[in-house]
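Presented below is the structure to which this report refers.
Counting begins at 1 with the first residue of the sequence.
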Amino acid sequence: TFSNFTVEFYVKITTDAETDVRLIAVGNDGQGDLGLFERDGEVSFGLPYAHAKMEGRLPRNEWIHVVGVRSANKVELYINGELKAEAPVN
């Protein structure tokens, strides 16, 4: 299990490819116990038991600020300081 935490970073995505973009993946199985991904037309920040999902793609060719937060009862995804998605922790 995870305690409360925040993951924060800047990223500049320079590809327009329609492939998956793995921004963070932590874990032993290749998929990640903690992950922040862009795939299938949505951005997802999550853990095995909670996923905050935002429709759409991240901006391209510009620096963006990405923050994922896990608190006692939810996970949240912020893009450039704006809350884009949240989900309850089960």
In chain order, what residues pass the side chain to side chain donor-acceptor pair (under 3.5 Å) check against Glu8, with sequence neighbours excluded? His65
Write down the atom of Ala50, the atom of Pro88, and the distance for their closest heavy-atom approach. CB-O, 3.4 Å
Determine the minimum heavy-atom distance between Ala85 and Lys53, stating which atoms define it. CB-O, 3.3 Å
Val66 and Leu77, any side-chain heavy atoms less than 4.5 Å apart: yes
Would a hydrophobic clustering, with Ile, Leu, Val, Met, Phe, Trp and Tyr connected at side-chain separations under 4.5 Å, put Leu36 with Ile64? yes
Heavy atoms, side chains only, cut-off 4.5 Å: are Arg70 and Val89 in contact? yes
Look at the side-chain heavy atoms of Ile, Leu, Val, Met, Phe, Trp and Tyr, link any pair under 4.5 Å apart, and say whether Val7 and Val67 land in one connected group. no
Results of side chain to side chain contact (heavy atoms under 4.5 Å, CB included) for Glu76 - residues two or more places apart only: Val69, Lys74, Tyr78, Leu83, Glu86
Can you name the salt bridge (charged side-chain N to carboxylate O under 4.0 Å, His left out) partners of Glu82, sequence neighbours left out? Lys84
Are Arg57 and Glu38 close enough for a salt bridge, meaning some N to O gap below 4.0 Å? yes
Heavy-atom distance under 4.5 Å between the side chains of Ile79 and Leu58, does that happen here? yes
Connecting only ILVMFWY residues whose side-chain heavy atoms lie within less than 4.5 Å of each other, what is the rest of Tyr10's hydrophobic cluster? Trp63
